[in-house]
Engineer: 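This is the structure, below, for whatever I ask next.
Ligands are counted one by one from 1 in listed order, and the atoms in each one are counted from 1 as well.
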Amino acid sequence: MRDYERSTDQTLPPGQYVVARLDGRGFSRLTREQGFQHPFDSGFREAMVHTTQHLMKCGPQVLLGYTQSDEISLLFHPSCRAFGRRTTKLLSVLAGEASAVLSLSLGVPSVFDCRLSILPSRLLVAEYFQWRIADSVRNSLHARAHDVLRSSGHSPREAHRHLSGLKAHELRALSQATPSGTPSGSMGHDRGTAVWWEDQPRQPGESPASSPSQPTRRILRIEANLPSDSACEAWLFDRIPALPNT
Ligand SMILES: Nc1nc2c(ncn2[C@@H]2O[C@H](COP(=O)(O)OP(=O)(O)OP(=O)(O)O)[C@@H](O)[C@H]2O)c(=O)[nH]1
Ligand SMILES: [Mg+2]
């Protein structure tokens with residue numbers, strides 16, 4: 001029987017970059033039914049950041065987390081050995097932990113799927129996160145422009161048809177205007193939120209009795225205003241370690 005079970009289990013190659021991406025199942029409906037503000041709801045965003053922080057503390061060694069819309073990406077340490085690097089365990093435990101924590105935060109069943117990518121180079125890891133940030137920017141522009149058209153009297157179908165013919169700069173101009181002509185207030189959320197571990201020096205006398213020589217402590221940092229373009233790539237590179245043998 002064990003052989004039948006193991007036949008669908010794979011082991012991730014050691015010493016490689018692995019990224020997990022969790023995505024909310026049916027969250028278009030969930031966010032609508034819960035009456036969350038569209039396109040950005042600060043309570044929903046807080047619950048997603050809280051879930052990301054939980055995933056970074058729940059076992060596998062995660063270096064960098066990133067959340068936008070209803071998704072969460074996690075970069076594992078290349079030498080993370082959690083669950084013997086078995087894909088079935090990683091996928092099911094991460095999806096289960098995220099679903100449990102977000103359900104408790106929102107008070108309704110909230111389910112995530114999970115997928116894994118093996119990325120062969122540090123550059124590809126940076127490109128992966130830039131890809132998700134670009135997706136966030138594109139979705140935000142689109143959602144905000146859609147809201148502007150809806151609140152100026154267009155039907156959902158008309159708004160959709162109008163937006164599909166617009167170029168990027170036209171979309172941006174439209175998304176920055178409210179019907180009354182004042183700038184929209186939710187621009188700061190466009191690039192999503194990153195969470196990462198940082199070593200901070202301990203204050204004198206702060207070292208725990210169990211490890212008095214430990215000069216630093218690890219804290220979770222949160223950044224909701226990620227830099228753009230080449231500054232973003234540099235920001236990401238600072239948080240992605242080189243592979244042990246490169
Ligand atoms: N109101 C609101 N909706 C949000 C917010 N963040 C994400 N969403 C919604 O979450 C959905 C995410 O898109 P998808 O993952 O493609 O849609 P889904 O319904 O979850 O579909 P599956 O992932 O395929 O199950 C979109 O409909 C977004 O509008 C938010 O802050 N407020
Ligand atoms: Mg989804």
Engineer: Would you say Asp113 reaches the Mg ion (ligand 2) with an N/O/S atom under 2.8 Å?
Structural biologist: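 Checking Asp113: none of its N, O or S atoms is under 2.8 Å.
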Engineer: Under 3.5 Å, is there a donor-acceptor pair between the side chain of Tyr66 and the main chain of Leu75?
Structural biologist: no
Engineer: Does ligand 1 have any N/O atom under 3.5 Å from a protein N/O, and what are those pairs and their distances?
Structural biologist:
| unit_1 | atom_1 | unit_2 | atom_2 | d |
| --- | --- | --- | --- | --- |
| ligand 1 | 1 (N) | Phe36 | O | 3.3 |
| ligand 1 | 1 (N) | Gln37 | O | 3.2 |
| ligand 1 | 3 (N) | Thr31 | OG1 | 3.3 |
| ligand 1 | 15 (O) | Asp23 | OD1 | 3.2 |
| ligand 1 | 15 (O) | Asp70 | OD1 | 3.3 |
| ligand 1 | 15 (O) | Asp70 | OD2 | 3.0 |
| ligand 1 | 17 (O) | Ser28 | OG | 3.3 |
| ligand 1 | 19 (O) | Phe27 | N | 3.2 |
| ligand 1 | 19 (O) | Ser28 | N | 2.9 |
| ligand 1 | 19 (O) | Ser28 | OG | 2.8 |
| ligand 1 | 20 (O) | Gly24 | O | 3.0 |
| ligand 1 | 20 (O) | Gly26 | N | 3.4 |
| ligand 1 | 20 (O) | Phe27 | N | 2.8 |
| ligand 1 | 20 (O) | Asp70 | OD2 | 3.0 |
| ligand 1 | 23 (O) | Asp23 | OD1 | 2.7 |
| ligand 1 | 23 (O) | Gly24 | O | 3.0 |
| ligand 1 | 25 (O) | Gly26 | N | 2.7 |
| ligand 1 | 27 (O) | Ser28 | OG | 2.7 |
| ligand 1 | 31 (O) | Pro39 | O | 3.1 |
| ligand 1 | 31 (O) | Asp41 | N | 2.9 |
| ligand 1 | 32 (N) | Gln37 | O | 3.0 |
| ligand 1 | 32 (N) | Pro39 | O | 3.3 |

Engineer: Looking at Asp23, which of its N, O or S atoms is the nearest one to the Mg ion (ligand 2)?
Structural biologist: OD1
Engineer: Hey, is there an N, O or S on Gly24 sitting under 2.8 Å from the Mg ion (ligand 2)?
Structural biologist: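 An N, O or S atom of Gly24 is closer than 2.8 Å to the Mg ion (ligand 2), so yes.
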Engineer: Judged by atom type as modelled, is there a donor-acceptor pair below 3.5 Å linking the side chain of Thr67 to the main-chain atoms of Ile72?
Structural biologist: no
Engineer: So which of the N, O or S atoms of Asp70 lies nearest the Mg ion (ligand 2)?
Structural biologist: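 For Asp70, the N, O or S atom at the smallest distance from the Mg ion (ligand 2) is OD2.
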Engineer: Just by modelled atom types, is the Ser110 backbone N or O under 3.5 Å from a matching donor or acceptor in the Ser103 side chain?
Structural biologist: yes
Engineer: Counting N and O atoms only, with roles assigned by atom type, does the side chain of Thr87 sit under 3.5 Å from a partner on the main chain of Gln10, one being a donor and the other an acceptor?
Structural biologist: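 Looks like yes, one N/O pair under 3.5 Å.
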Engineer: Given 3.5 Å as the limit, does a donor-acceptor pair link the side chain of Arg191 with the main chain of Leu226, or not?
Structural biologist: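 Flag set: sc Arg191 to bb Leu226 pair under 3.5 Å.
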Engineer: Is there a continuous path of hydrophobic side-chain contacts, each under 4.5 Å between heavy atoms, that joins Ile222 to Leu74?
Structural biologist: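 Yes, one cluster joins them.
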Engineer: Just by modelled atom types, is the Asp190 backbone N or O under 3.5 Å from a matching donor or acceptor in the Ser136 side chain?
Structural biologist: yes
Engineer: Please confirm whether the backbone N or O of His154 pairs with a side-chain atom of Arg150, one donor and one acceptor, at under 3.5 Å?
Structural biologist: yes
